Amino acid sequence: MKKILALTAVCCLFAGVLAAEPMRDRDYNGGPIPVEDAETGSYYVSVRGSDDQDGLGEDRAFKTLRKAVDAAKNSNTKRITIIGILDDKSEAAGNGESVFAIGDCGPDEILITGTGDGEQAAELRGGKEKRVLEIYGPAKLRFEYITVSGGNTDSIGGGIFFENSAELTLGTGVVVRDNHASEGGGLYGLTANLYLRGNAAIRNNTVSTDEAGGILLRSGSFFMGDNAEVSGNTGGGIVAWGSSVTIEGDARISNNSCEYIAAGLCLYISSDVILRGNAAVTGNTAGQSGGGIGGIQSVFVMLENSRISNNTAVHDGGGLYFVDSEIYVSGNAEITGNSAENDGGGIYAHDSVLAVRGASRIAENSAGDDGGGIYITGTEFFLGESASIEDNEAACGGGVCSELGAYSTMEDNSVVQGNSSSEQGGGGLCVGINAFMIMKGGIVRNNEAVYGGGVYIEGGGFKHSGGIISDNNAESGGGVFRRSGVFNQTKGILQDNAPDDFAESSE
């Protein structure tokens, strides 16, 4: 199944680990293990262990993860320590498509951890034609210092498949890497919640369908923060269907690629996303549209110094690509250095609502055709509150290109400056067929184009009722050039443009 547009899910607090007491001088006869001594506080699992032991020490470790989870569920000890590598040779057969299966763990969170970080971390490893781990609710699990790798399945969720209200936290020292599936190469969540924290990384996973090499979440929630990363996945980083997503705290979605749409984060049908707190979506590449983030019928909010930068789309929307959605960019957010071969180097919005405000910047983006900074069709667009569109470039509409029913308002202290149109018109603003723009405030300055350095009108309407259009340059119509359509100036200032403030076609 190919992506149409879509993503990734979302806020968690994890419970503390309860210390418990190891059993001493007892014979173990199976079943729940009583815990009466506070020295150990963990069950251990090792390929060299045995399920006939009590698991309460490295030299008494269980052999299977399943046995340790059953023991933890029925005792006060909610910590499991994995020693070394566990794989399909160490876990008993019978788990179907998965090497490891965990479910029905009770209401308390269970921590599953390794004994060291980096290369010393423990590992859960997949098997031939099997995913690594399946989690089914009710289950509340937190992983630390664990690598999940080597899953390879024709089904979904190559690394981890979790469902049925399961709550999964991947924390410090967790890496999910080099897994493969039809969808959700790293992780696939179904009506479940996922939290990435503490440098957790989802890396270098792949899919056969271009449906989320990293993470696919359906009808759930996803939180990503604390320097967590989703990077280097093929088939896209994150896909969320009907889910809620929060990305913050220096989290990174980077260097993912897909053949079709939305390489970094894809939102589909009633998903909503908040990107904030220095989070970054950077260096992703889409074979069609939406290099950084794309969505349909979704809500996207970007604020608090977050950034979308250096993403690439072969078609439209190098940074953002949205259809029938709501997009809000504010709070010092930045969309910079993105590129699209067709339209919308920074942002492409169709039949949507787009607001750029609050000292945010759309800068240094490029498009091969229209809208270096922003391209909109059938969209209601607002630019205000000291937001800036600057130093973008395109063949037409270096800063903003609006067409086909788009309605735009520019006001407050907003700035459109330093943008360029290399082949046609509208270094700053282009108002195309059946589009309308009203400038109530702000400033359009230092832009350049062949026609209409500040504003180019071709088949649309532009009303200048406030603000300043100045110091723009063009071969004709340094300030405003009207090829066709309507230009109406009332209270705005139009001055110091070269070679003239206003010109129109003689054709």
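Since this is a predicted model, take the numbers as computed values, not measurements. Side chains included, hydrogens not; waters and symmetry mates left out as well; all remaining heavy atoms used.
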The complete set of ring-ring contact (aromatic ring centres under 6.0 Å, His included) pairs with one or both residues in residues 352-373, sequence neighbours excluded, reads none
D471 meets the side-chain contact (heavy atoms from CB on, under 4.5 Å) criterion, sequence neighbours left out, with N446, D496
* D272 side chain to S244 side chain, donor-acceptor N/O pair below 3.5 angstrom -> yes
In short, salt bridge (charged side-chain N to carboxylate O under 4.0 Å, His left out) pairs touching residues 221-230 with sequence neighbours left out are R197-D226, R203-E229, E229-R252
Q: For the residue pair N205 and N179, confirm or rule out a side-chain donor-acceptor distance under 3.5 Å.
A: yes
- Side chains of S231 and N255: do they bring a donor and an acceptor to under 3.5 Å? no
Hits for salt bridge (Lys or Arg N to Asp or Glu O under 4.0 Å) against E393, two or more places apart or cross-chain, chain-then-number order -> none
Applying side-chain contact (heavy atoms from CB on, under 4.5 Å) to S465 and not counting sequence neighbours gives I438, K440, K463, T490
Taken in chain and number order and not counting sequence neighbours, the residues that satisfy side chain to side chain donor-acceptor pair (under 3.5 Å) with T377 are H350
Contacts satisfying ring-ring contact (aromatic ring centres under 6.0 Å, His included) that involve residues 375-424 (not counting sequence neighbours) are Y348-Y375, Y407-F436
- Message: Pairing donors with acceptors under 3.5 angstrom, does anything connect the side chains of T191 and S219?
- Response: no
For T206, the side chain to side chain donor-acceptor pair (under 3.5 Å) test, sequence neighbours excluded, returns H180
Sorted by chain and number, sequence neighbours left out, salt bridge (Lys or Arg N to Asp or Glu O under 4.0 Å) with E163 holds for none
Contacts of S149 meeting side chain to side chain donor-acceptor pair (under 3.5 Å) (sequence neighbours excluded), chain-then-number -> E123
Residues 133-166 vs ring-ring contact (aromatic ring centres under 6.0 Å, His included), sequence neighbours excluded, gives F161-Y188
Sorted by chain and residue number, the side chain to side chain donor-acceptor pair (under 3.5 Å) partners of Q417 (sequence neighbours excluded) come out as E390, R445
